[in-house]
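The model shown is predicted, which means the values in this text are computed figures rather than measured ones. When reading the values below, keep in mind they use all heavy atoms of this one structure, side chains included, and skip hydrogens, waters and symmetry mates. First the proteins, then the strands, lettered A, B, ... as listed; each starts at 1.
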Protein chains: 4
Amino acid sequence: MEFRENEAIYLQIAAYAGENILLGKWGQEDKIPSVRELASDLQVNPNTVMRAYEFLQGKEVIVNKRGIGFFIASDAKQKLKAYRKEDFLGHELPEFFRNLLLLEITMDEIKTRFETFIVENNQPK
Amino acid sequence: MEFRENEAIYLQIAAYAGENILLGKWGQEDKIPSVRELASDLQVNPNTVMRAYEFLQGKEVIVNKRGIGFFIASDAKQKLKAYRKEDFLGHELPEFFRNLLLLEITMDEIKTRFETFIVENNQPK
Amino acid sequence: MEFRENEAIYLQIAAYAGENILLGKWGQEDKIPSVRELASDLQVNPNTVMRAYEFLQGKEVIVNKRGIGFFIASDAKQKLKAYRKEDFLGHELPEFFRNLLLLEITMDEIKTRFETFIVENNQPK
Amino acid sequence: MEFRENEAIYLQIAAYAGENILLGKWGQEDKIPSVRELASDLQVNPNTVMRAYEFLQGKEVIVNKRGIGFFIASDAKQKLKAYRKEDFLGHELPEFFRNLLLLEITMDEIKTRFETFIVENNQPK
DNA sequence: GTGGTCTAGACCACC
DNA sequence: GTGGTCTAGACCACA
């Protein structure tokens, strides 16, 4: 995995974990990779993974069973979705609309591009 | 002006200046507020405003006349628009589409919200 | 049984055993549950129960008869009471008093709450 | 400052900061010592102080002004008190009462000891 | 100057 | 084996 320069690595790891949960790759209530394991997978320091897990634990997306490991919270998916939706509707969408107006892009053009996007991305694997 | 926590203040100031230019509040080739003036307006350290201006200067959106001040470049508006459009189409839009799919929001809902947004924001003072 | 997050499970198990002894549920000189039995009762790893028993053994509250099991020491109750009293008077009570002052709670309020507490807890099955 | 062995240093630092706020040594909205400064004062690694500050920031007891430092939140005192009171009434007090019953200590004895405690601790400095 | 992040490596308690 | 904490030291962006 490669990391973007302008964002903290631990946040990118947290986001990566979030994706895995949302996409169902890491199933509800499953054990997630141990700190050391993921660290060696991603080629980062264990402390960095630890920070990512602490971050997610603070959001109650994962929970810790002492001496055993981290597990996905039973309602992790809903929580993550709720977080995202709140952010999306509250910040991204208004910003998106303002850009449409400023850049003089019509809703119809967006619609067309969306359909193209779906076609290009909907037959993965 | 209030600043978002997770973004550098100088970038937020640069964005604020960009808005003013795009919206025509700061007219083409006009002198823009001096570093000290804007700093005291926004309640920030003059160095921070300076960084914002240097940033915009680097993008050739504003130019510096030594001893006089900063002025809006003659083609500032087009440049800003070009920058934004490139970023918008290249990064924001695909990200936006991915969010729509993940959060299960339809294009129709977006359209409706857009119309509401226009109504709410189209009667500025 | 549910465990508090911030305290080692084996210590919580030891405390649980202590309670049972002090309350007379586990009678003087009785055999106490085997490691495996208690472990399956409490849904924890047998090693964890073992550590709790070793801890109590170190305090001479229980004794091990090899091949047979653990037994409550003849003077277990007095010992436990002594340990607790020492800890209570030496550490908890001063801490308790400091909290009263900091949180501006009066002795009278404590008294009232104590009476309520007794009423609520004095009709056990 | 000396640290207890059985509690994480960063938590002890957070508690120490909390005391200073509750006792008014660090006034409302004041700037608190910088990470490096406190670290050298307390003879610990800056990272450790950082964790303590992050912890307090998570509880919204202190806030960060970018590039300037950490400041005490305007309602820090109330928040801290609320946290403590919740913990005290919810956990410590019932535990305290249970100990009274188990150890056969009367409320009157507590009262007497409390008066002694006040006399001993009320003429500091 | 400030905080923020990261690494390398260590030691510990716990399960 | 697991996570949790701590140190030493580095580098960075920001005000």
Side-chain angles (χ1 to χ4, degrees), chain A residues 3 5-13 31-40 42-55 57 62-71, chain B residues 3 5-14 35 39 42-52 54-55, chain C residues 3 5-13 39 42-52 54-55, chain D residues 3 5-13 31-40 42-55 57 62-71:
Chain A
F3 297 105
E5 271 202 348
N6 42 10
E7 194 184 357
I9 293 179
Y10 83 93
L11 288 176
Q12 296 182 54
I13 294 176
K31 182 177 180 304
I32 65 177
S34 81
V35 171
R36 290 167 170 80
E37 188 183 345
L38 189 55
S40 99
L42 301 181
Q43 301 268 46
V44 297
N45 188 290
N47 283 328
T48 306
V49 174
M50 191 63 190
R51 287 199 74 175
Y53 281 9
E54 277 172 353
F55 179 82
Q57 199 179 15
I62 61 178
V63 295
N64 181 314
K65 295 192 187 171
R66 310 174 48 123
I68 306 178
F70 283 94
F71 293 75
Chain B
F3 298 103
E5 279 204 342
N6 40 12
E7 193 183 354
I9 293 179
Y10 85 94
L11 287 176
Q12 295 183 53
I13 294 176
V35 170
L42 302 180
Q43 299 267 43
V44 298
N45 190 303
N47 287 328
T48 308
V49 175
M50 192 62 193
R51 287 195 73 166
E54 281 169 352
F55 178 80
Chain C
F3 298 102
E5 278 205 343
N6 40 12
E7 194 184 352
I9 293 178
Y10 84 94
L11 287 176
Q12 297 183 54
I13 294 174
L42 302 181
Q43 300 268 44
V44 297
N45 191 303
N47 287 327
T48 307
V49 174
M50 193 60 192
R51 288 196 72 168
E54 282 169 352
F55 177 80
Chain D
F3 298 104
E5 272 203 345
N6 42 10
E7 193 184 357
I9 293 178
Y10 83 93
L11 288 177
Q12 296 182 52
I13 294 175
K31 181 177 180 306
I32 65 176
S34 80
V35 171
R36 290 168 171 81
E37 188 183 343
L38 189 55
S40 98
L42 300 181
Q43 301 267 47
V44 298
N45 189 290
N47 283 328
T48 307
V49 174
M50 191 66 191
R51 287 199 74 175
Y53 281 9
E54 277 173 352
F55 179 81
Q57 199 179 15
I62 62 177
V63 296
N64 180 317
K65 295 192 187 170
R66 308 174 53 122
I68 305 178
F70 283 94
F71 294 76

Take the protein atom [atom1] of [X] and the nucleotide atom [atom2] of [N], then report the distance between them rounded to whole Å.
| X | N | atom1 | atom2 | value |
| --- | --- | --- | --- | --- |
| A:Tyr53 | F:dT5 | OH | C1' | 18 Å |
| A:Glu5 | E:dT5 | CD | P | 16 Å |
| A:Met50 | F:dC6 | CE | P | 12 Å |
| A:Ile32 | F:dT2 | CD1 | P | 12 Å |
| A:Gln12 | E:dT5 | CD | P | 12 Å |
| A:Lys65 | F:dG3 | NZ | P | 13 Å |

Considering residues at least two apart in sequence or located in another chain, which fulfil the salt bridge (charged side-chain N to carboxylate O under 4.0 Å, His left out) criterion with B:Glu7?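 With neighbours one apart ignored, the set is B:Arg4.
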**A:Gln57: side chain to side chain donor-acceptor pair (under 3.5 Å) partners, not counting sequence neighbours** =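 Scan of A:Gln57 (side chain to side chain donor-acceptor pair (under 3.5 Å), adjacent residues dropped) gives none.
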Check side chain to side chain donor-acceptor pair (under 3.5 Å) between A:Glu54 and all other residues, then give those that pass, not counting sequence neighbours.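 With sequence neighbours excluded, A:Glu54 shows a side chain to side chain donor-acceptor pair (under 3.5 Å) to D:Arg51, given in chain and number order.
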> OP1, OP2 of F:dC12 versus side-chain N and O of A:Asn6: anything below 4.0 Å?
Replying inline: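 No, A:Asn6 has no side-chain N/O under 4.0 Å of OP1/OP2 on F:dC12.
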Checklist line | First encountered from the 5' end of DNA chain F, between A:Glu54 and A:Ser34 | finding: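 Looking at the nearest nucleotide for each, A:Ser34 comes out on the 5' side.
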B/S/- along nucleotides 7-15 of chain E (protein heavy atoms under 4.0 Å) is BBB----BS
B:Pro46 to B:Ala39 - nearest heavy-atom pair and separation =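 That would be CA-CB, 3.7 Å.
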Looking only at heavy atoms, what is the nearest atom pair of D:Ile32 and D:Tyr53, with distance?
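In this case the closest contact between D:Ile32 and D:Tyr53 is CD1-CZ, 3.5 Å.
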Identify, with sequence neighbours excluded, every residue that meets side chain to side chain contact (heavy atoms under 4.5 Å, CB included) alongside [X].
| X | answer |
| --- | --- |
| D:Asn45 | D:Asn47, D:Thr48 |
| A:Ser34 | A:Lys31, A:Arg36, A:Glu37 |
| C:Gln43 | none |

Q) So, is the end of the A:Lys65 side chain (NZ or CZ) under 6.0 Å from the ring centre of A:Phe70 and within 45° of the ring's axis? A)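 So A:Lys65 doesn't make the cation-pi contact.
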Original post:
List DNA chain F stems (3 or more consecutive Watson-Crick/G-U pairs, under 3.5 Å)?
Top reply: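 When the pairs of DNA chain F are grouped into runs of at least three, the stems are E:1-14 with F:1-14.
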